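Since the structure is predicted, the reported quantities are computational estimates derived from the model, not experimental observations. Numbers here are sequence positions counted from 1.
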Amino acid sequence: MYKHCNTEESARRQRQLEQCLLELMKENSYHAITIGQICQQADVSRKSFYRYFDSKDGCLFALLDHTIMDGTGYYMPEGSLDFTSVDFCVRNCEYWQKQTPLLDALEKNGLSLHLLQRTVRYILVEEPAYAHYMGIPQEDVMEHIVYHVGGLMGLILTWHHEGYRKTAAQMGRILYQLTERRQGE
């Protein structure tokens with residue numbers, strides 16, 4: 001896995017290593033990338049790498065988790081929990097469209113499912129207020145989160161895979177309409 005950083009400098013270094021992994025994934029198979037290559041790309045020692053990550057997978061998971069966390073700040077400004085608004089849905093699509101290099105690398109390497117899994121994990125572990133806001137009974141939280149996040153991320157990944165044939169605003173309205181229909185059931 002990866003370590004949570006306590007200082008701005010260590011967080012910056014950790015993110016640098018994550019970005020180096022992403023750069024390598026754009027041109028190489030994830031499975032062929034070595035920790036040595038990541039270190040060389042970042043111009044750090046292996047010891048420095050292991051200060052932040054237990055493995056290459058830990059670096060990938062940190063990259064995904066940090067991207068998800070950054071997204072939450074982008075499409076939910078000022079801590080707003082209104083994730084059923086058109087604005088939320090459009091901003092969500094805008095954010096993920098800006099993450100095209102990551103989505104490309106994940107798709108190229110057959111790792112898109114990791115993004116879905118990490119997103120579900122993030123909401124269950126880091127943002128349990130979502131479930132409370134949605135009024136989900138505690139015993140049904142897992143199923144509801146998997147359903148909603150799976151549908152949302154599946155749609156985002158399909159939209160990316162098909163080359164963003166619709167604008168972010170169009171996709172946002174589609175997401176909103178799907179959310180609205182679900183709430184009306």
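Here Met25 contributes atom CE and His31 contributes atom NE2; the two are 9.0 Å apart, rounded to the nearest 0.5 Å. Distance check, rounded to the nearest 0.5 Å: SG of Cys93 to CH2 of Trp159 gives 5.0 Å. One distance of note links CD1 of Ile38 with CZ of Phe53; it measures 8.0 Å at 0.5 Å rounding. Note that NZ of Lys108 and OH of Tyr30 are 13.0 Å apart. Values are rounded to the nearest 0.5 Å. Once rounded to the nearest 0.5 Å, the distance linking CD of Gln14 with SG of Cys59 reads 8.0 Å. With rounding to the nearest 0.5 Å, the separation of CD in Gln99 from CD1 in Ile156 is 11.0 Å.
Around the CD atom of Glu27, the shell of radius 6.0 Å holds no more than 12 heavy atoms that belong to other residues, nucleotides or ligands. Within a 6.0 Å radius of CZ in Arg12, more than 12 heavy atoms belonging to other residues, nucleotides or ligands are found.
Among Leu64, Leu157, Leu113, the one residue that satisfies the side-chain contact (heavy atoms from CB on, under 4.5 Å) test with Leu106 is Leu64. Partner Ile33 forms a side-chain contact (heavy atoms from CB on, under 4.5 Å) with one of Asn109, Leu60, Leu21 and no other, that one being Leu21.
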side-chain contact (heavy atoms from CB on, under 4.5 Å), that's the test. Do Tyr164 and His160 meet it? Break it down for me. CA-CA 5 Å; Tyr164 303 115; His160 163 263; 3.2 Å; yes
Evaluate the salt bridge (charged side-chain N to carboxylate O under 4.0 Å, His left out) criterion for residues Lys98 and Asp70: first the C-alpha distance (whole Å), next the side-chain angles of each, then the deciding distance (0.1 Å), finally the verdict. CA-CA 12 Å; Lys98 290 178 182 180; Asp70 291 347; over 6 Å; no
Run Tyr52 and Lys3 through side-chain contact (heavy atoms from CB on, under 4.5 Å) and show every step you take. CA-CA 5 Å; Tyr52 302 103; Lys3 289 142 182 102; 5.6 Å; no
For a side-chain contact (heavy atoms from CB on, under 4.5 Å) check, start with the C-alpha distance between Val146 and Glu143, then their side-chain angles and the critical distance, and finish with the verdict. CA-CA 5 Å; Val146 171; Glu143 292 82 4; 6.0 Å; no
Begin from the C-alpha positions of Gln41 and Leu24 and carry the test side-chain contact (heavy atoms from CB on, under 4.5 Å) through to its verdict. CA-CA 8 Å; Gln41 180 91 2; Leu24 289 167; 3.9 Å; yes
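Checked by atom type, the side-chain pair Arg173/Gln170 shows no donor-acceptor distance below 3.5 Å. Side-chain contact, Tyr2 with Asp65: a donor N or O sits under 3.5 Å from an acceptor N or O.
Taking both residues in full, the closest heavy atoms of Leu22 and Pro101 are given as CD1-O, 3.9 Å, listed atom of the first, atom of the second, then distance. Annotation for Cys5 and Ser10: closest pair CB-OG, 3.2 Å, computed over non-hydrogen atoms. Closest of all the heavy-atom pairs between Glu18 and Leu63 is OE1-CA, 3.5 Å. Contact between Phe49 and Ser55 at its shortest, heavy atoms only, is CZ-O, 3.6 Å. Of all the heavy atoms in Cys89 and Gly172, the pair that sits closest is CB-O, 3.1 Å. Heavy-atom minimum distance, Leu103 versus Trp96: CD1-O, 3.5 Å.
Using cut-offs of 30° and 60° for the angle between ring planes, the Tyr74 and Tyr95 rings count as tilted.
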